[in-house]
Trainee: 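Quick one: the structure is below, questions incoming.
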Amino acid sequence: MKIYNFSAGPAILPYEVKIQAQRELLDYNNSGMSVMEMSHRGKVYESIHNEAITLLKELMGLDDDYYILLLQGGASMQFEAIPLNLLQNGKADYIVTGNFALKAYKEAKKYGEINELASSKDANFTYIPDVEGLAPTQGADYLHITTNNTIFGTRYTKLPNVDVPLVADMSSNILSEEMDYNKFSLIYAGAQKNLGIAGLTIVIVKKALTENPMSICPTMLKYSIMAKNNSLYNTPSTFSIYIAMLTLRWLKSIGGVKEIQTRNQEKANLLYDYIDNSSLYSNPVRPCDRSIMNVPFVTPSAELDAKFVKEAQEQGLLALKGHRLVGGMRASIYNAMPLDGVKKLIEFMKKFELENA
Ligand code: PMP
């Protein structure tokens, strides 16, 4: 039976990436070693490391004003690193659109005067607040947003047009659609959704913003130190970086962000169209703010939801249980999810609807 993994993260990898990694697992490029066992200071590893950085820059169309850092600690570590590196006037604004945005906001509060500029908590995070005409706090060092909300299934389709540095948690939608990535002053993302496996966190930051970390900023969180050492200040997560490099090569080989956006949009449209026309399932998100990566949906009862998840799993459709904050189901359809996976899910949903209406 063909298996499809709808996990929110760590998540599905492109099949080609797994095959390539398997082929090279014992002996990478005739080095006689696995990537897992080679020094991060050696030439062979260095070429993997630098190719990952070059591919990120190329695929995102970034100009030369950025450092691209390959770090550890997850996106969660960046909730702290960002204020510790960027606060100059001691003030920042956050838009709170979900659980991770809230965590980022709360961590930052330890380090300065942090304002909740807008929030969608009033409707259980089922929409993105209107960012048009949003005025940042006077003297704010940056505005933080979460471009895709993994748990609630929302995404920004319009970016705030502000004159303070824009900082974005893109953990769950980096490289999923075309965006002017140069509009951001800092982008960060855990790798375990669209960039490979857990253990690697990407930080893309304007060089000029890294020069004045707060005095209490730990050395390991200083972007300037990591940049000066090309993210080799200490031992990086070498195998995760290798898988990210393969994932980026795969993305480039299929036509880059433009092509993956077309594919992602097609998958998401199919699924939302089916849900909207069904009498059993519903999605609570305002249609214009729907994520094309994470699609939450419910049936009318928790019992039926549980039955759905169990029977789907028996059919090879894995990890569809929704996050505990939302309940129901969630289909995460990241870059690596093939169209066939979504079609198979819809087929199952139809059958389940017939049997349980
Ligand atoms: N931000 C977002 C949008 C996420 O989806 C996640 C993880 N699912 C995190 C932050 C936290 O990431 P990590 O577990 O890598 O710290």
Side-chain angles (χ1 to χ4, degrees), residues 5-13 69-84 94-109 119-121 124-129 142-157 159 166-177 179 181 184 186-205 220-221 231 236-237 239-241 243-244 247 264 285 289-296 319-326 329-337:
N5 172 14
F6 292 91
S7 170
I12 187 170
L13 287 169
L69 308 177
L70 308 178
L71 308 178
Q72 300 182 59
S76 304
M77 183 93 99
Q78 295 308 312
F79 297 165
E80 315 240 14
I82 287 162
L84 283 163
Y94 279 66
I95 301 183
V96 177
T97 48
N99 202 45
F100 292 112
L102 184 63
K103 281 186 171 170
Y105 167 69
K106 283 188 177 162
E107 295 298 338
K109 265 187 164 313
S119 166
S120 51
K121 193 170 188 327
N124 198 30
F125 300 121
T126 51
Y127 70 101
I128 298 289
Y142 62 90
L143 167 62
H144 179 284
I145 64 170
T146 309
T147 50
N148 185 83
N149 296 278
T150 324
I151 297 174
F152 298 92
T154 60
R155 92 180 201 278
Y156 284 74
T157 50
L159 295 174
L166 190 57
V167 170
D169 178 354
M170 285 196 195
S171 291
S172 50
N173 74 334
I174 191 165
L175 287 168
S176 67
E177 59 180 306
M179 241 187 252
Y181 290 104
F184 297 88
L186 189 151
I187 294 167
Y188 66 105
Q192 65 270 26
K193 301 167 201 301
N194 270 343
L195 292 172
I197 60 173
L200 165 67
T201 311
I202 305 284
V203 173
I204 293 158
V205 56
M220 278 297 293
L221 296 190
S231 304
S237 182
F239 195 76
S240 308
I241 291 168
I243 297 291
T247 306
N264 287 335
V285 175
D289 298 328
R290 284 171 167 176
S291 168
I292 59 170
M293 296 281 100
N294 310 98
V295 182
L320 282 162
K321 190 174 188 311
H323 192 277
R324 70 198 137 73
L325 291 174
V326 181
M329 282 71 70
R330 170 177 50 178
S332 293
I333 50 174
Y334 296 119
N335 286 358
M337 174 60 66

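Atoms within a ligand are numbered from 1 in the order they appear, just like the ligands themselves. In this text the structure is predicted, and so the values were computed from the model without any measurement.
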Trainee: What distance separates Met337 CE from Phe6 CZ, expressed to the nearest 0.5 Å?
Mentor: 4.0 Å
Trainee: Could you list the residues that satisfy side-chain contact (heavy atoms from CB on, under 4.5 Å) with Lys106, not counting sequence neighbours?
Mentor: Leu102
Trainee: Quick one: list whatever passes side-chain hydrogen bond (donor to acceptor under 3.5 Å, both in side chains) with Thr247, sequence neighbours left out.
Mentor: none
Trainee: To the closest 0.5 Å, what do you measure between CD1 (Ile197) and CG (Leu195)?
Mentor: 11.5 Å
Trainee: Write 'none' if nothing qualifies; otherwise put on separate lines each N/O atom of ligand 1 with a protein N/O atom under 3.5 Å away and their distance to 0.1 Å.
Mentor:
residue	atom	partner	partner atom	Å
ligand 1	1 (N)	Asp169	OD2	2.6
ligand 1	5 (O)	Thr150	OG1	2.4
ligand 1	8 (N)	Lys193	NZ	2.8
ligand 1	15 (O)	Ala75	N	3.2
ligand 1	15 (O)	Gln192	NE2	3.0
ligand 1	16 (O)	Ala75	N	3.2
ligand 1	16 (O)	Ser76	N	2.9
ligand 1	16 (O)	Ser76	OG	2.6

Trainee: Side-chain polar contacts of residues 70-83 - donor-acceptor pairs under 3.5 angstrom, sequence neighbours left out - could you list them?
Mentor:
residue	atom	partner	partner atom	Å
Gln72	NE2	Thr235	O	3.0
Gln78	OE1	Tyr223	OH	2.6
Glu80	OE1	Lys110	NZ	3.3
Glu80	OE1	Tyr111	OH	2.5
Glu80	OE2	Lys110	NZ	3.2

Trainee: Given Asn173, which partner from the list Thr146, Asn149, Asn148, Thr147 fulfils the side-chain hydrogen bond (donor to acceptor under 3.5 Å, both in side chains) test?
Mentor: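 Single pass found, and it is Thr147.
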